[in-house]
Amino acid sequence: MNAVTLYSTAPDRDVVSVALAEAQACIGDPVRAKHIAFEAIQVAYPGWSPVRLGFQLNYRTPREARADVNRAKMKQWWSDVVVDSVVGALVADQYGDRAN
């Protein structure tokens with residue numbers, strides 16, 4: 001995976017695919033995994049545009065991706081522990097053993 005800086009504004013496809021794969025492995029449901037991946041990427045790389053990230057994650061309305069995630073956070077299935085796990089997978093290359 002390419003090194004991504006805090007100042008990168010375009011979502012990197014490698015980062016998106018890692019986030020989706022990790023979220024899918026943790027949560028199972030692909031729609032829920034998309035919301036978890038979105039939140040984890042926003043936590044790890046806050047400079048990234050949520051609209052561009054919405055496009056990368058194939059939200060029907062990328063401009064409303066953040067609102068969709070905020071609604072998902074209110075559901076019973078939401079888990080910040082899973083989000084943290086995905087963030088760990090995203091930064092593992094940069095931080096090595098300290099990411100776990």
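All values below come from the heavy atoms of this structure, side chains included, with hydrogens, waters and symmetry mates left out.
Gln24 places a side-chain N or O within 3.5 Å of a backbone atom of Gly28 that can act as its donor or acceptor partner.
Within the structure, side-chain hydrogen bond (donor to acceptor under 3.5 Å, both in side chains) pairs that include any residue of residues 78-91 comprise Glu22-Ser85, Trp78-Asp80 (at least two apart or interchain). Among residue pairs with one or both ends in residues 39-49, those qualifying as salt bridge (charged side-chain N to carboxylate O under 4.0 Å, His left out) are Glu39-Arg66, Glu39-Lys73; sequence neighbours excluded.
Note on Val51: it does not cluster hydrophobically with Trp48, by side-chain heavy-atom contacts below 4.5 Å among ILVMFWY residues.
The two atoms that bring Val18 and Ala89 nearest to each other are CG1-O, 4.1 Å, heavy atoms only. Taking every heavy atom of both residues into account, Leu90 and Ala44 meet most closely at CD1-CB, 4.1 Å. For the residue pair Ile41 and Val16, the shortest heavy atom distance occurs at CD1-CA, 4.0 Å.
Evaluation of the salt bridge (Lys or Arg N to Asp or Glu O under 4.0 Å) rule for Arg63 yields no partner, not counting sequence neighbours. In this structure Ala65 satisfies the side chain to side chain contact (heavy atoms under 4.5 Å, CB included) test together with Phe38, Tyr59, sequence neighbours excluded. Here Arg32 pairs with Ile27, Asp29, Trp77 under the side chain to side chain contact (heavy atoms under 4.5 Å, CB included) rule; sequence neighbours left out.
Considering Val87, Leu53, Val83 as possible partners of Gln42, the one that fulfils the side chain to side chain contact (heavy atoms under 4.5 Å, CB included) test is Leu53.
Summarising the geometry, atom CG belonging to Leu20 is positioned 8.5 Å from atom CG belonging to Asn58; distances are rounded to the nearest 0.5 Å.
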